Student: 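Have a look at the structure that comes next, please.
Remember, predicted model here, so these are calculated numbers, not experimental data. Numbered from 1 within each chain, the chains take letters A, B, ... in sequence-line order.
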Amino acid sequence: MILEDSFYQGKDVVKIAKQLLGKVLVTHIGGIYTSGMIVETEAYAGAADKASHAYNNRRTARTEVMYGKGGTSYVYLCYGIHHLFNVVTNVQDVPHAVLVRGVEPLEGIEHMLARRRKEKLDSTLTAGPGALSMALGIHTRHTGVPLSGTEIYIEDRGIKVAAKNIVAATRVGVAYAAEDAYLPYRFYIRDNKYVSKGKGL
DNA sequence: CAAACGATTTTCT
DNA sequence: GAAAATCGTTTGG
């Protein structure tokens with residue numbers, strides 16, 4: 001089943017980040033259907049989190065979408081090259097989000113290979129936030145689209161991830177966030193090949 | 001209006 | 001292991 005708004009609008013972004021592991025991210029963009037199981041996420045806790053773009057309730061045109069209700073997408077261009085896909089959570093005016101850092105390819109693998117200009121399936125196809133966005137066809141133009149719509153959505157296919165196989169770690173690439181860089185806000189499925197190689201602290 | 005800077009990935013040494 | 005690639009957003013003059 002497709003996750004409904006109520007799933008995203010829970011108050012605890014860290015819990016939602018954990019619950020997204022094992023769910024299936026589906027895109028239907030440009031007439032091409034691709035999907036992958038989420039294996040790695042990071043929580044960004046809005047106003048209280050120095051690593052978040054919305055730290056201290058900073059509002060800019062770019063971050064405005066995070067202040068909307070949970071269940072929409074926030075796609076951010078990083079380093080001028082990489083499109084990073086986030087899920088907006090919580091209710092209106094609370095700018096929480098979950099970054100999807102890794103998925104395991106399920107359907108449309110040939111299309112993902114074409115988008116990534118690769119010949120063979122390997123763990124680099126969708127491991128890492130920039131890589132999976134390119135593979136799934138996610139672009140900054142998709143920022144603000146509802147996850148209950150037709151272009152991008154997340155399904156629960158009944159995949160269960162045992163608590164002992166969920167690893168908590170520090171987030172990647174957020175050293176600038178000072179003490180908040182040490183928060184255990186990164187979650188991934190133990191021993192999965194499609195978890196990014198990025199290092200925490 | 002100009003300048004600096006990334007929630008990264010790839011490539012070259 | 002180190003460095004480049006590359007551009008929208010944000011900040012400062």
Student: Rounded off to whole Å, could you give me the CZ-to-P distance for the R59(A) and dT10(C) pair?
Tutor: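 R59(A) atom CZ is separated from dT10(C) atom P by 13 Å.
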
Student: Would you kindly give the OH-to-C1' distance between Y194(A) and dT9(B), to the nearest whole Å?
Tutor: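 It is 18 Å, rounded to the nearest whole Å.
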
Student: Which of the following nucleotides, dT9(C), dT6(C), dT8(B), is nearest to the side chain of I81(A)?
Tutor: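 My answer, after comparing the listed nucleotides, is dT6(C).
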
Student: At under 4.0 Å between heavy atoms, what does R101(A) touch on the DNA or RNA strands: base, sugar-phosphate, or nothing?
Tutor: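 If one applies the 4.0 Å heavy-atom cut-off, R101(A) turns out to touch the sugar-phosphate alone, with no base involved.
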
Student: Between P on dT11(C) and NE2 on H53(A), what's the gap in Å once rounded to a whole number?
Tutor: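 Result: 11 Å.
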
Student: Side chain of V172(A) only, heavy atoms from C-beta on: which candidate in dT8(B), dG8(C), dA7(B) is closest?
Tutor: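 The answer is dT8(B).
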
Student: Roughly, in whole Å, what's the span from NE2 in H83(A) to C1' in dT8(B)?
Tutor: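 One finds 12 Å between C1' of dT8(B) and NE2 of H83(A), rounded.
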
Student: Hey, does the side chain of H82(A) come within less than 4.0 Å of dA7(B)'s phosphate (OP1/OP2), counting only N and O?
Tutor: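 No, because none of the side-chain N or O atoms of H82(A) sits under 4.0 Å from OP1 or OP2 of dA7(B).
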
Student: Does R58(A) reach a base, just sugar-phosphate, or nothing at all? Heavy atoms under 4.0 Å.
Tutor: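 Sugar-phosphate, no base atom in range.
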
Student: Is Y79(A) stacked on the base of dA5(C), with ring centres under 5.5 Å apart and planes under 30° apart?
Tutor: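 Check failed, Y79(A) does not stack on base of dA5(C).
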
Student: Should dA7(B) form a Watson-Crick or G-U wobble pair with both distances under 3.5 Å, which nucleotide is its partner?
Tutor: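 Looking at the geometry, dA7(B) pairs with no nucleotide.
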
Student: Below 4.0 angstrom from OP1 or OP2 of dG8(C), is there any side-chain N or O of R62(A)?
Tutor: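 False: R62(A) side-chain N/O out of range (4.0 Å or more) of dG8(C) OP1/OP2.
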
Student: Quickly, which of R58(A), M66(A), R59(A), E64(A) forms a side-chain contact (heavy atoms from CB on, under 4.5 Å) with P95(A)? Name it, please.
Tutor: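 Answer after filtering R58(A), M66(A), R59(A), E64(A): M66(A).
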
Student: I need the CD-P distance between E42(A) and dG6(B), as an integer number of Å.
Tutor: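 Whole-Å distance recorded here is 16 Å.
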
Student: Using a strict cut-off of less than 4.0 Å between a Lys/Arg side-chain nitrogen and an Asp/Glu carboxylate oxygen, indicate whether R101(A) and E42(A) qualify as a salt bridge.
Tutor: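 Counted as a salt bridge, because a side-chain N and a carboxylate O are separated by less than 4.0 Å.
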
Student: Mind checking Y74(A) for me? I need base, sugar-phosphate or nothing, with any heavy atom below 4.0 Å counting as a touch.
Tutor: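 Base, at least one base atom sits under 4.0 Å.
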
Student: Suppose we call two aromatic rings close when their centres sit under 6.0 Å apart. Are H83(A) and Y76(A) close by that rule?
Tutor: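 No.
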
Student: Nearest to the M66(A) side chain among dA7(B), dT11(C), dG8(C), which nucleotide is it?
Tutor: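 Nearest listed nucleotide: dA7(B).
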
Student: Using a strict cut-off of less than 4.0 Å between a Lys/Arg side-chain nitrogen and an Asp/Glu carboxylate oxygen, indicate whether R116(A) and D122(A) qualify as a salt bridge.
Tutor: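 Salt bridge between R116(A) and D122(A), a charged N being under 4.0 Å from a carboxylate O: no.
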
Student: Is Y76(A) near enough to dA7(B) that one of its side-chain N or O atoms lies under 4.0 angstrom from OP1 or OP2?
Tutor: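 Checking Y76(A) against dA7(B): at least one side-chain N or O falls below 4.0 Å of OP1 or OP2.
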
Student: Taking 4.0 Å as the cut-off, does a side-chain nitrogen or oxygen of R116(A) come that near to OP1 or OP2 on dT9(B)?
Tutor: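 Answer is no, no contact under 4.0 Å.
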
Student: Taking OH from Y55(A) and P from dT10(C), how many angstroms apart are they, rounded to a whole number?
Tutor: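 Result: 17 Å.
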
Student: Please tell me whether T89(A) and Q9(A) have a donor and an acceptor in their side chains that are separated by less than 3.5 angstrom.
Tutor: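 No, because no side-chain N or O of T89(A) sits under 3.5 Å from a partner of the opposite role on Q9(A).
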
Student: Rounded to the Å, how far apart are K197(A) NZ and dT10(B) C1'?
Tutor: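 Spelled out: NZ on K197(A) to C1' on dT10(B) is 15 Å.
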
Student: What is the distance from CZ of R117(A) to P of dT11(B), rounded to the nearest Å?
Tutor: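 In whole Å, dT11(B) P lies 12 Å from R117(A) CZ.
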
Student: Which is true for A131(A) with a 4.0 Å heavy-atom rule: it touches a base, it touches only sugar-phosphate, or it touches nothing?
Tutor: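 Here A131(A) touches the backbone only, sparing every base.
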
Student: Check the pair I152(A), H142(A) against side-chain contact (heavy atoms from CB on, under 4.5 Å), reporting the backbone distance first and the verdict last.
Tutor: CA-CA 9 Å; I152(A) 305 174; H142(A) 298 110; 3.8 Å; yes

